[in-house]
Amino acid sequence: MDFVLWVSRVMHVVSAVVWMGGLIFMNAVLNPVLRHQGDMPSSKALSLYRRFFPFLWSSLWTMLVTGTFMALLSPRFLGFDLSTTWGQLLAAKTGLFVLLLIVSWQAVAVVRRIEAFMESDARQAEAWNRTFETLVRRSIVLGIASFLCAAGMAVA
């Protein structure tokens with residue numbers, strides 16, 4: 001059982017790194033470069049976003065399954081008992097994860113809006129692209145908060 005728990009932890013961390021790394025790359029490298037070149041929004045950017053979404057969803061689902069598994073196998077898990085610091089951090093991390101799912105779903109919907117307006121209304125497409133960039137930044141902030149909760153759970 002220790003091996004299964006170890007594998008779950010590794011998969012959980014790798015999924016978090018893929019997800020956060022992709023978002024940080026988009027926010028800090030891809031979008032500024034494309035914006036500097038005058039290619040925002042562009043078909044290149046949209047194809048990159050669409051290519052990233054399967055990685056995003058597979059990472060989020062892997063984190064959901066492995067996180068649930070690790071919580072249920074933890075001797076500290078007492079059925080969402082909020083009387084301990086560990087339980088409070090787990091509840092906060094769970095809430096943050098739900099918010100991340102919602103923001104990720106919104107990001108997919110926004111990219112579809114960008115695609116719809118690319119040909120007909122460039123100003124609308126630009127406005128939706130800025131909304132997408134905001135959602136990416138929100139996801140990064142939520143992810144950092146989730147990492148902080150995980151760190152607190154490790155020492156609590």
Side-chain angles (χ1 to χ4, degrees), residues 1 3-35 37 39-74 77 80 86-121 124-154:
M1 192 57 108
F3 177 74
V4 173
L5 192 56
W6 180 81
V7 169
S8 292
R9 284 186 183 129
V10 169
M11 289 177 62
H12 196 78
V13 169
V14 168
S15 294
V17 167
V18 166
W19 167 71
M20 280 294 287
L23 291 177
I24 291 170
F25 174 79
M26 258 199 263
N27 187 56
V29 177
L30 178 66
N31 289 340
V33 167
L34 292 176
R35 185 167 302 287
Q37 293 177 348
D39 285 343
M40 287 302 276
S42 70
S43 59
K44 288 185 272 186
L46 291 175
S47 66
L48 289 167
Y49 297 157
R50 282 192 306 268
R51 180 78 172 142
F52 177 67
F53 286 140
F55 289 100
L56 173 89
W57 289 118
S58 65
S59 294
L60 289 174
W61 285 112
T62 301
M63 285 189 288
L64 174 67
V65 170
T66 57
T68 302
F69 190 69
M70 288 186 304
L72 292 175
L73 289 180
S74 174
F77 182 70
F80 293 107
W86 190 88
Q88 293 167 355
L89 289 169
L90 177 62
K93 190 174 176 194
T94 303
L96 289 167
F97 184 79
V98 170
L99 288 173
L100 285 167
L101 285 175
I102 292 168
V103 170
S104 298
W105 175 78
Q106 287 177 328
V108 172
V110 166
V111 167
R112 288 189 186 126
R113 293 281 177 123
I114 296 169
E115 290 173 333
F117 286 109
M118 280 288 291
E119 300 298 324
S120 61
D121 189 354
Q124 280 285 75
E126 175 64 26
W128 282 110
N129 190 67
R130 290 190 189 280
T131 301
F132 178 76
E133 290 175 1
T134 301
L135 290 171
V136 168
R137 288 186 195 106
R138 285 181 186 163
S139 293
I140 292 170
V141 169
L142 291 170
I144 290 169
S146 182
F147 283 155
L148 292 174
C149 287
M153 289 172 68

To the nearest 0.5 Å, atom CD of Glu126 lies from atom CD1 of Ile114 at 9.0 Å
Heavy-atom side-chain contact between Tyr49 and Asn129 under 4.5 Å = yes
Phe132 side chain reached by Met26 side chain, heavy atoms, under 4.5 Å | yes
Gap separating the CE atom of Met153 from the NZ atom of Lys93, nearest 0.5 angstrom = 5.5 Å
Measure the shortest side-chain to side-chain distance between Arg138 and Val141 over non-hydrogen atoms and say whether it is less than 4.5 angstrom.
-> no
Give, for atom CG of Leu23 and atom OG of Ser139, the distance between the pair rounded to the nearest 0.5 Å.
-> 5.5 Å
Is the backbone of Leu142 close enough, under 3.5 Å, to the side chain of Ser146 for a donor and an acceptor to pair up by distance?
-> no
Separation between CD (Gln106) and CG (Leu99), nearest 0.5 Å, reads 10.0 Å
Over 12 non-hydrogen atoms of neighbours within 6.0 angstrom of CZ in Phe147 = yes
Are any side-chain N or O atoms of Ser15 and backbone N or O atoms of His12, one a donor and one an acceptor, separated by less than 3.5 Å?
-> no
Non-hydrogen atoms of Ser59 and Trp19 that approach each other most closely = CB-CB, 3.8 Å
What closest approach, in Å, do Gly152 and Leu89 show between heavy atoms, and which atom pair accounts for it?
-> C-CD1, 3.3 Å
Should the heavy atoms of other residues, nucleotides or ligands under 6.0 Å from CE of Met11 be counted, would the total exceed 12?
-> no
Quick one: are Trp57 and Leu101 in side-chain contact, heavy atoms under 4.5 Å?
-> yes
Can you measure from OG1 (Thr66) to CG (Leu5) and round to the nearest 0.5 angstrom?
-> 10.5 Å
Kindly assign one of parallel, tilted or perpendicular to the pair Trp86 and Phe77, based on the angle between their ring planes and the thresholds 30° and 60°.
-> perpendicular
Exercise: identify the closest heavy-atom pair between Phe97 and Leu60 | CZ-O, 3.3 Å
Sequence-distant partners of Gln88, side chain to side chain contact (heavy atoms under 4.5 Å, CB included), two or more places apart = Leu82
Are there more than 12 heavy atoms of other residues, nucleotides or ligands under 6.0 Å from atom CZ of Arg50?
-> yes
So how far is it from Leu30 CG to Leu48 CG, rounded to the nearest 0.5 Å?
-> 5.5 Å
